[in-house]
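Reviewing the structure listed below.
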Protein chains: 2
Amino acid sequence: MTQSSDTTSYKDIKQTVLRRIRSGDWPPDMLLPNEQELAVTFSCTRTTVNRALRELAEEGFLERRRKAGTRVLSAPQRQARFSIPLIRDEIEALGGTYRYALVSSEAQPAPDWLAARLALSAGQQVQHVRCMHYSTNTPFQYEDRWIVIDSVPQVAQADFSEIGPNDWLVQTVPFTNVELTFLASRADATVAGFLDLPEGEPVFTAERITWLQGQPVTFAKLYFGAGYRMTTQV
Amino acid sequence: MTQSSDTTSYKDIKQTVLRRIRSGDWPPDMLLPNEQELAVTFSCTRTTVNRALRELAEEGFLERRRKAGTRVLSAPQRQARFSIPLIRDEIEALGGTYRYALVSSEAQPAPDWLAARLALSAGQQVQHVRCMHYSTNTPFQYEDRWIVIDSVPQVAQADFSEIGPNDWLVQTVPFTNVELTFLASRADATVAGFLDLPEGEPVFTAERITWLQGQPVTFAKLYFGAGYRMTTQV
DNA sequence: GCGCCTATTTTGTGTAGACTTTAATTTAAT
DNA sequence: ATTAAATTAAAGTCTACACAAAATAGGCGC
């Protein structure tokens, strides 16, 4: 059998199933026919049905359990899946020219709050790097970053005057686990100065903790410039 | 052939490939062997290799192109995939008790900025619903929502005094397209009042536009209470 | 009735093989 | 040299079948 237009593809099945869900034909909580039956109705193999339903489940439309079958999810806990672009790409996509500037870089013992946050031992050495990212001379992001020296010893020799610590890290440490937090914070004098804002202004802020196989690698606090909006399609 | 422990599963392959990428064994931009070769080295079928590599590509580690082959992505633009929980679930997960209160609900012509945002015709009627979500009497979120009446005519009969507009919508218009935006805004007098904050305080804000098959359904502006943090693992 | 064990159903995943589609590459024609 | 057409290598997907694993449902003993 060929797979050209006379064949039912897993994409066709996905579309059809989605349409039935959306139209209310298959309402929330409904148990849908098992793969074998669907394979017959779609006149294809169970393998193909399986792929379609598996992907729909990954996308949050269905719930599948062995023996229990496949059912339509009632509360569509859709997962927003947005990519975290590199700053340079993001700025260039918005039509700006990316420029980077190092503010400071120094080794120091981890402050208490950082030690607590990353489960470091008291007084463990960290590299504290502060830098700016500009979009055509407009401040785009102020980055305040700490890198755990024990986890990335090479950081002692790193030169952050030309390359940003994030770029350096992704080249050096193929990172594994990341915890991302977004919040609205108030610009203190330092942040306001770098981002060219009035003090006290709301600032969209991201915190990013990175581990390499259980070892804390870096904590970054990223303050975005005025009017920043993070958008995603779901 | 069986698939028990003597067989190589697609998960094994994913792990092995990931390990090689992380260890630098397969550096960024490297072209990896084609599926047939990998199938031989892993002693499994090409089907199994295909699934492993396909998923790794979806997860952002590899780039695959027909004829060109599979290569390691240099800047692993990992995609944060975080689920958007229902407010009730989120509050209860944090140990609070969810409480809902309607502030106002009235039909009105769409204001210009909204008409522009949703591509409505001038003066199209919308239902403007404002409400509060509390976590054990602490303000958790102030919701300012507009629902396009032409897209959801049933909204005229809806009673939002007990059920929140979001819950009502997911029951009524199940699966839709969503554009989500996050930003930091400044609490104006209204928002400050509802969230029990000083005026001018930074507020983590989400904007949510929902379409049903190209038709605009609703625009919601969600103002989160003091200290709100949105966290996700990547 | 209650708890435990077994049987059965349904999804999960593998093998083997074929055809399709895309696109890089090479070849031929202008 | 440049463009257009043919070649071909790689991923993409389907068929057909088999066995595995999980979890519900039913039956058994108490």
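All heavy atoms count here, side chains included; hydrogens, waters and symmetry mates do not. All chains are named by letter (A, B, ...) in the order of the sequence lines, taking the proteins before the strands, and each is independently numbered beginning at 1.
Looking at A:S23 and A:D25, their side chains never bring a donor and an acceptor atom within 3.5 Å of each other. Side-chain atoms of A:S105 and A:Q127 include a donor-acceptor pair closer than 3.5 Å. Side-chain contact, B:T45 with B:T48: a donor N or O sits under 3.5 Å from an acceptor N or O.
For the contact set between residues 36-55 of chain A and DNA chain D, defined by any heavy atom under 4.0 Å, the members are A:C44, A:T45, A:R46, A:T47, A:T48, A:R51.
Under the ring-ring contact (aromatic ring centres under 6.0 Å, His included) criterion, no residue pair touches residues 20-40 of chain B, with sequence neighbours excluded.
Between A:R64 atom CZ and D:dA21 atom P the separation is 18 Å, expressed in whole Å. We find that CD of A:E35 is positioned 11 Å from P of C:dT13, with the value rounded to whole Å. The nearest whole Å value for the distance from the CG atom in B:N34 to the P atom in D:dT8 is 17 Å. Between A:E63 atom CD and C:dT10 atom C1' there is a gap of 14 Å when expressed in whole angstrom units. The distance from atom CG of A:L31 to atom C1' of D:dA23 is 14 Å, rounded to the nearest whole Å. Rounded to whole angstrom, the span from the CG atom of B:D12 across to the P atom of C:dT15 amounts to 11 Å.
Exactly one of A:V17, A:T70, A:I13, A:I21 qualifies for a side chain to side chain contact (heavy atoms under 4.5 Å, CB included) with A:L56. That residue is A:V17.
Using a 4.0 Å cut-off, some side-chain N or O of A:R65 falls inside it from OP1 or OP2 of D:dT24. Between C:dG14 and B:Y10, no contact under 4.0 Å exists linking OP1 or OP2 to a side-chain N or O. A sub-4.0 Å separation between OP1 or OP2 of C:dG14 and a side-chain N or O of B:S9 is present.
Counting distance only, with no hydrogens placed and no angle test, the side-chain atoms of B:R66 and the base atoms of C:dT21 include a donor-acceptor pair under 3.5 Å.
When all heavy atoms are compared, the tightest approach of B:P216 to B:S151 is O-OG, 2.6 Å.
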So which protein nitrogen or oxygen atoms get under 3.5 Å of nucleotides 3-7 of chain C's nitrogens or oxygens?
none

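Separation of the A:F204 and B:F182 ring centroids does not fall under the 6.0 Å cut-off. Two rings, from A:H133 and A:Y100, have their centers less than 6.0 Å apart.
Of the candidate nucleotides D:dT24, D:dT13, C:dT13, C:dT13 has the atom lying nearest to any side-chain atom of B:K11.
In summary, A:E55 and A:K14 engage in a salt bridge, as defined by a charged side-chain N under 4.0 Å from a carboxylate O.
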